[in-house]
Engineer: 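Got a structure for you, written out below as structure tokens; questions coming shortly.
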Amino acid sequence: DLDRLIREEAISVTEADGTAQPVPVTAATETPAKDPEQEEKLAKKKVISIDAGRKYFSPDQIKEIIDEASKTGYTDLHLLVGNDGLRFVLDDMSLQVGDASYSSQAVKEAVEKGTKAYYDDPNGQALTQAEMDELLAYATSKGIGLIPAVNSPGHMDAILVAMQKLGIEHPQATFDTVSKTTMDLTNEEAVNFTKALIGKYMDYFKGKSKIFNYGTDEYANDATNAQGWYYLKWYELYGKFADYSNSLAAMAREKGLQPMAFNDGFYYG
């Protein structure tokens with residue numbers, strides 16, 4: 001019967017003298033209760049961020065970073081390819097913006113000039129599409145997601161220069177002085193060009209990345225003594241910023257990407 005089986009299971013025989021030694025019967029181990037705070041912590045992404053817009057990072061250097069990120073428990077690499085400089089160039093950079101058409105070669109040359117005007121890095125200028133294809137595959141093989149970032153309407157020095165090279169007049173924001181970093185949100189031609197350009201990058205990364213960071217940090221700091229958000233509110237232009245930011249978020253979602261942005265402009269005031 002059950003009592004006899006329990007008594008027999010509670011006895012162990014030693015080889016030394018053949019005597020039975022009692023062994024305590026222990027209850028089955030219970031699954032420890034889950035700690036919601038710990039579960040939430042483990043579910044969070046751990047992201048390493050590399051500013052590959054200001055300076056050039058070679059594919060091999062980025063692979064080394066991916067290796068280290070994988071070894072040390074990171075989940076994602078945040079790669080800012082558009083941040084002051086624009087150091088990732090697609091095979092097809094052609095743009096149709098309203099009635100204006102811009103050839104792929106013309107856009108590539110303008111972006112290269114803009115990036116060099118910001119910082120002509122002696123180590124290199126920009127990643128190619130083939131190199132980015134390889135990096136995405138490599139990151140996936142290491143269990144690392146890639147979060148691309150192309151920043152605007154601030155930190156877009158190279159794109160501002162590129163727009164001027166392509167014939168778009170006065171794309172820069174102007175307050176105390178003319179900004180080298182930030183777009184004038186009242187210049188519809190410049191806004192539409194920038195959205196079309198960023199849309200090309202979103203199209204490339206859709207299906208390859210889960211998240212796309214569209215930037216929106218530090219508005220015209222160089223032309224406002226680092227008071228860009230205050231100036232936008234003072235001149236009643238903050239609504240223009242909100243509309244622009246929301247339109248980029250909507251573009252990302254339409255392409256199956258989760259939109260991401262820096263939050264200083266959203267939390268200001």
Side-chain angles (χ1 to χ4, degrees), residues 51-59 79-121 123-136 146 148-173 178-209 212-216 244-245 247-248 250-252 254-255 257:
D51 192 341
R54 285 189 174 98
K55 290 186 177 182
Y56 173 77
F57 283 76
S58 71
L79 194 64
L80 290 99
V81 293
N83 198 48
D84 296 314
L86 182 56
R87 298 190 186 276
F88 169 41
V89 178
L90 299 165
D91 289 345
D92 178 14
M93 293 286 281
S94 62
L95 295 172
Q96 183 70 38
V97 186
D99 295 331
S101 298
Y102 303 92
S103 72
S104 179
Q105 189 60 32
V107 175
K108 287 180 181 180
E109 290 176 0
V111 165
E112 182 179 3
K113 288 176 182 177
T115 298
K116 285 185 175 182
Y118 168 70
Y119 175 54
D120 190 0
D121 194 328
N123 299 303
Q125 286 304 312
L127 296 167
T128 67
Q129 184 168 324
E131 288 171 333
M132 187 61 73
D133 288 344
E134 184 180 346
L135 286 171
L136 283 160
L146 195 146
V150 180
N151 208 342
S152 73
H155 288 286
M156 52 180 286
D157 311 41
I159 299 174
L160 292 173
V161 172
M163 281 194 275
Q164 288 182 295
K165 299 291 184 186
L166 293 168
I168 297 173
E169 296 182 354
H170 310 300
Q172 305 96 332
V178 177
S179 175
K180 292 182 179 180
T181 69
T182 303
M183 178 174 61
D184 178 4
L185 290 168
T186 68
N187 185 328
E188 290 189 12
E189 187 179 8
V191 168
N192 291 336
F193 179 92
T194 303
K195 287 167 67 173
L197 179 62
I198 293 174
K200 294 281 286 192
Y201 286 98
M202 289 182 179
D203 283 335
Y204 169 77
F205 282 106
K206 68 181 180 183
K208 302 181 181 74
S209 295
F212 188 96
N213 182 1
Y214 60 89
T216 68
Y244 178 74
S245 178
S247 69
L248 290 179
M251 283 171 54
E254 287 169 5
K255 299 174 189 300
L257 293 160

Engineer: Taking atom CD as the centre, does Glu169 end up with more than 12 heavy-atom neighbours from other residues, nucleotides or ligands that are less than 6.0 angstrom away?
Structural biologist: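 Atom CD in Glu169 is not crowded, with 12 or fewer foreign heavy atoms closer than 6.0 Å.
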Engineer: Taking atom CG of Asp120 and atom OG1 of Thr115, what is their separation to the nearest 0.5 Å?
Structural biologist: 9.5 Å
Engineer: For Asp121, is there an ion pair with Lys55 - N to carboxylate O distance below 4.0 angstrom?
Structural biologist: no
Engineer: Looking only at non-hydrogen atoms, find the nearest pair between His170 and Asn187 and report the distance.
Structural biologist: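 Heavy-atom minimum between the residues: O-ND2, 2.9 Å.
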Engineer: Please report the closest heavy-atom contact between Pro171 and Met163, naming both atoms and the distance.
Structural biologist: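 Heavy atoms of Pro171 and Met163 come nearest at CB-CE, 3.8 Å.
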Engineer: Does Ser247 reach the main-chain N or O of Tyr244 with its side chain, forming a donor-acceptor pair under 3.5 Å?
Structural biologist: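 Yes.
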Engineer: Contact between Phe212 and Ile198 at the side-chain level, heavy atoms closer than 4.5 Å - yes or no?
Structural biologist: yes
Engineer: Checking Val81 now: which residues fulfil side chain to side chain contact (heavy atoms under 4.5 Å, CB included) with it, not counting sequence neighbours?
Structural biologist: Leu79, Phe88, Met132, Val150
Engineer: Return the CD1 to CG distance between Ile168 and Asp184, rounded to the nearest 0.5 Å.
Structural biologist: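 It is 12.5 Å, given to the nearest 0.5 Å.
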Engineer: State, yes or no, whether a side-chain contact exists between Arg87 and Leu127 at a heavy-atom distance under 4.5 Å.
Structural biologist: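 Side chain of Arg87 against side chain of Leu127, heavy atoms only: no contact under 4.5 Å found.
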Engineer: Who pairs with Tyr102 by ring-ring contact (aromatic ring centres under 6.0 Å, His included), at least two apart in sequence or on another chain?
Structural biologist: Phe193
Engineer: Look up atom OG in Ser94 and atom NZ in Lys200, then write down how far apart they are to the nearest 0.5 Å.
Structural biologist: 4.0 Å
Engineer: Nearest heavy-atom pair of Gly215 and Asn151: which atoms, and what distance?
Structural biologist: CA-OD1, 3.0 Å
Engineer: At their closest point, which heavy atom of Ala126 faces which heavy atom of Leu86, and how far apart are they?
Structural biologist: CB-O, 4.5 Å
Engineer: Is any side-chain N of the basic residue among Glu112 and Lys108 closer than 4.0 Å to the acidic one's carboxylate O?
Structural biologist: no
Engineer: Which residues satisfy the side chain to side chain contact (heavy atoms under 4.5 Å, CB included) test with Met251, sequence neighbours excluded?
Structural biologist: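 In terms of side chain to side chain contact (heavy atoms under 4.5 Å, CB included), with neighbours along the sequence ignored, Met251 is linked to Lys195, Met202, Leu248.
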Engineer: Can you give me the closest heavy-atom contact between Val97 and Ala196, atom names plus distance?
Structural biologist: CG2-CB, 3.8 Å
Engineer: Does Ala158 offer a backbone N or O that forms a donor-acceptor pair with the side chain of Asp84 under 3.5 Å?
Structural biologist: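 No, the answer is negative, given that no donor and acceptor are paired below the 3.5 Å cut-off.
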Engineer: Nearest 0.5 Å please: distance from the CG atom of Leu136 over to the CD atom of Gln129.
Structural biologist: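 If we round to the nearest 0.5 Å, Leu136:CG and Gln129:CD are 10.0 Å apart.
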Engineer: Check Asp133 with Lys208, please: is the shortest side-chain N to carboxylate O separation under 4.0 Å?
Structural biologist: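 Looking at Lys208 and Asp133, the cut-off is not met.
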Engineer: Do other residues, nucleotides or ligands put more than 12 heavy atoms under 6.0 Å from Lys165 NZ?
Structural biologist: no
Engineer: Hey, does the side chain of Ser104 reach the backbone of Met93 with a donor-acceptor pair shorter than 3.5 angstrom?
Structural biologist: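 At least one qualifying donor-acceptor pair exists.
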Engineer: If we only count heavy atoms from C-beta on, is the Tyr214 to Ser152 side-chain gap below 4.5 Å?
Structural biologist: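 A side-chain contact is absent here, since even the closest heavy-atom pair is not under 4.5 Å.
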Engineer: Which distance, rounded to the nearest 0.5 Å, do you find between the NE2 of His155 and the OH of Tyr118?
Structural biologist: 9.0 Å
Engineer: Is there a donor-acceptor pair under 3.5 Å between the side chain of Ser209 and the backbone N or O of Leu146?
Structural biologist: yes
Engineer: Do other residues, nucleotides or ligands put more than 12 heavy atoms under 6.0 Å from the NZ atom of Lys180?
Structural biologist: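 No, because the 6.0 Å sphere around NZ of Lys180 holds 12 heavy atoms or fewer from other groups.
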Engineer: Which heavy atom in Asp51 sits nearest to a heavy atom in Phe57, and how many Å separate them?
Structural biologist: O-CE1, 3.4 Å
